[in-house]
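Following: one structure in C-alpha cells, then a few remarks.
For this chain, numbers begin at 1 and follow the sequence in order. Note that this is a predicted model, so its numbers are computed, not measured. Whatever order the structure lists them in is the order used to number ligands and atoms, beginning at 1.
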Amino acid sequence: MNIYQFTREKLQLKLQELGEKPYRATQIFEWVYKKSARNFFEMTNISKSSQELLNEHFVFPKLHLEKEQISKDGTRKYLFRLHDGNLIETVLMRFHYGNSVCISTQVGCNMGCAFCASGQHKRIRNLDVYEMVLQVYTINEILKKEDSRVSHVVIMGIGEPFDNYNNTIDFIKIINDDKGLGIGARHITLSTSGIVPKIIEFSHLPLQINLAISLHFPNDKLRSKYMPVNRKYNLEKLFDALKYYYEMTNRRITFEYILIDGINDTKECCIELINLLRGMNCYVNLIPMNETNTMFRRSSEKATDEFYDLLMQKGINVTLRRDQGHDIDAACGQLRIKTEMANARKNC
Ligand code: SAH
Ligand code: SF4
C-alpha cells in the first residue's frame, strides 16, 4: 500500500485492520508531511515492532522529475514521469502572497474543449490520490530547502477534476489536513468545466474550498460549439447547480473566461455575460488565451481592455489574470505535449 494514498481517516481504519492503534495515523501524518520522513524507521515515537509491521505493508514512492523549466518571472514548470511512463505537469507560481502550485488530475482529458491543449489528448487514465499528493509534496520539499513552502494549491492543470471526483476529494482532504500539508481550505481552488451532478455533490462537502468554473462563453450556441460538456449540461443547468452551490455554501464563485480573438471577446458577448451573471455573488477572471493551436488567437489588447472596462462599469468584479510563465509554455498541457512529441521524434 502507498502511504500517500490515504486520508488520515482512511489510514486510521487501515491501521486498525492491521491491529495498530488508530492514533498512529496522526503520528504518521506528522512524520510524513511535516518532517519529510521517507520511511517508518525515522519515526522515533513509534515502537520498533510497529515500525517493522508498517514497513511490511506500506511504501513511500516518488515521482520521477523528468524536466524542470524556469520562466523569467520565476514560474517553474515540472514534468513528472509516473510509474507507468505517463507524463504529467505541475506548475509553481510565485506571488507576493505566497507560492501556488497548479496540479494535474488526469493524464489527458476527455472533455474535448477546442481551445485547450489537454483536451486534444484523450484521457489515458485518472491520477491516483498519491500522484496528486506527490505533486504538491515534491514541490513543497524543493521549497523547504529554500526556506519556503507551498501556500496555495489550484486544481487547474491537465484533466477535469470532477471526472476524477473521489480521488480529487481525498487529495484535497490530505493537503488540507492540519497534520498533513496544512494548506488552508481558502487557499485551495478547484476548477471545473461544469459537470453538474458533481457540482451538486461538491456543494454538500464540509470543505470551504474555492470553486472556479471554466465558463469562457456566454451563450449555449458558442459554448456547445467549443466545449462539448455544454451539450450535456447547458448554461441553464449549470447556473441552476451554481445557485444551489451558493445556497449551500454561501461561497463566491469564480468564472474563468479566456479571451479568444473574434469569438467571445465582442461587445455583444460581454453584454450577454453581464446578463448571465447579474445578481450573482461572483467574480470573473479574464485569461489571456494561450495559443496552443492555429485555430484560435489571443484577443488584442484593445479588445481585452474594452471587455474588462465594460464588466467593471456594470459592477461585475473582474480581474485580468497575470500571464505567468508564458516563455515556458506554462498553460494547460503544453509542456507534456512538447516533451512527448520530442520523445516520439527521438524514438522514430
Ligand atoms: N478541466 C478543468 C481544470 C483544468 S483547465 C477546467 O476546465 O476548468 C484549467 C484552466 O485552463 C481552465 O479554465 C481552462 O479553460 C484553461 N485553459 C485551457 N486551455 C487554455 C488556453 N489555451 N489558454 C488559456 N487558458 C486555457
Ligand atoms: Fe479538459 Fe479543462 Fe482542458 Fe476542457 S479546459 S479540455 S475540461 S482540461
Side-chain angles (χ1 to χ4, degrees), residues 75 77 88-91 93 100-127 132 135 153-165 167-168 171-172 188-196 198-199 202 209-218 222-233 238 241-242 253-261 263-265 283-299 304 319-326 328-338:
T75 301
K77 185 146 183 164
I88 52 165
E89 63 195 34
T90 312
V91 179
M93 292 163 289
S100 182
V101 169
C102 175
I103 71 123
S104 296
T105 54
Q106 297 179 315
V107 181
C109 180
N110 266 353
M111 308 311 288
C113 304
F115 46 83
C116 174
S118 312
Q120 288 152 32
H121 286 239
K122 281 263 165 244
R123 181 188 64 197
I124 296 171
R125 68 172 175 88
N126 284 337
L127 292 191
M132 290 186 243
Q135 292 175 62
V153 170
V154 292
I155 305 170
M156 289 192 183
I158 302 169
E160 167 49 57
F162 279 175
D163 189 31
N164 184 13
Y165 186 83
N167 286 350
T168 301
F171 157 71
I172 291 170
I188 302 173
T189 302
L190 180 147
S191 174
T192 176
S193 58
I195 300 183
V196 162
K198 295 298 173 194
I199 295 176
F202 190 67
I209 81 162
N210 306 305
L211 179 64
I213 303 293
S214 289
L215 184 63
H216 306 320
F217 304 94
L222 281 177
R223 200 165 191 269
S224 291
K225 182 165 177 195
Y226 298 113
M227 295 181 70
V229 67
N230 199 72
R231 296 171 205 159
K232 189 157 185 197
Y233 305 114
L238 176 62
L242 294 177
I253 297 161
T254 300
F255 289 102
E256 292 157 282
Y257 197 101
I258 304 173
L259 287 166
I260 311 175
D261 184 35
I263 294 184
N264 67 353
D265 63 349
Y283 76 85
V284 175
N285 201 355
L286 294 178
I287 306 168
M289 161 99 201
N290 242 301
E291 294 176 358
T292 55
N293 62 33
T294 48
M295 235 174 98
F296 302 102
R297 287 276 156 261
R298 167 185 288 218
S299 294
T304 304
T319 51
L320 187 58
R321 189 193 277 180
R322 264 207 295 153
D323 201 7
Q324 287 224 327
H326 198 54
I328 56 162
D329 313 315
C332 215
Q334 288 187 52
L335 180 71
R336 174 177 152 260
I337 287 165
K338 268 198 180 168

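- Nearest-heavy-atom check against atom 16 (C) of ligand 1 across Ile258, Asn290, Leu190 picks out Ile258.
- Heavy-atom minimum distance, Glu89 versus Gln135: O-OE1, 3.9 Å.
- Of the candidates Ser191, Ala212, Gly159, the one placing a heavy atom closest to atom 1 (N) of ligand 1 is Gly159.
- Contact atoms of ligand 2 toward Gly159: 8 (S) (distance under 4.0 Å to a heavy atom of the residue).
- When each atom of ligand 1 is checked for a heavy atom of Ser214 under 4.0 Å away, the hits are 6 (C), 7 (O), 8 (O), 12 (C), 13 (O), 14 (C), 15 (O).
- Counting heavy atoms under 4.0 Å from ligand 2, residue Ser193 touches it through the side chain alone.
- Ligand 1 has at least one atom lying under 4.0 Å from a heavy atom of His216.
- Across Val196 and Ala241, no two heavy atoms sit closer than the pair CG1-CB, 3.9 Å.
- Atoms of ligand 1 found under 4.0 Å from any heavy atom of Cys116, numbered from 1 in the order shown, are 18 (C), 19 (N).
- Looking at Ile209, Ile195, Thr192 one by one, the single match for side chain to side chain contact (heavy atoms under 4.5 Å, CB included) with Phe202 turns out to be Ile209.
- Contacts between Ile158 and ligand 1 below 4.0 angstrom, taking non-hydrogen atoms only, are absent altogether.
- The shortest separation from a heavy atom of Ser214 to ligand 2 is not under 4.0 Å, leaving the residue out of contact.
- Closest approach of Ser191 to Pro161, counting heavy atoms only: O-CG, 3.1 Å.
- Remark: ligand 1 and Phe115 share an N or O pair separated by less than 3.5 Å (distance only, no angle test).
- The contact set between ligand 1 and Thr192, taken as ligand atoms under 4.0 Å from a residue heavy atom, comprises 6 (C), 8 (O).
- For Glu256, every heavy-atom contact with ligand 1 shorter than 4.0 Å involves the side chain, none the backbone.
- Using cut-offs of 30° and 60° for the angle between ring planes, the Phe217 and Phe115 rings count as tilted.
- The Met289 neighbourhood of ligand 1 comprises atoms 22 (N), 23 (N), with distances under 4.0 Å to a heavy atom of that residue.
- Note that the OG atom of Ser299 and the CE atom of Met289 stand 9.5 Å from one another [nearest 0.5 Å].
- Scanning both residues, Asn264 and Tyr257, for their nearest heavy atoms gives O-OH, 2.7 Å.
- Legend: residues meeting side chain to side chain donor-acceptor pair (under 3.5 Å) with Asn230, ordered by chain and number and at least two apart, are Asp220, Arg223, Ser224.
- Remark: Asn167 pairs with Asn164 by the side chain to side chain donor-acceptor pair (under 3.5 Å) rule, at least two apart or across chains.
- Remark: ligand 1 atoms within the under-4.0 Å shell around heavy atoms of Gly157 are 4 (C), 5 (S).
- Within the 2.8 Å limit, Cys109 places no N, O or S atom next to atom 3 (Fe) of ligand 2.
- A heavy-atom distance below 4.5 Å is found between the side chains of Ile88 and Leu127.
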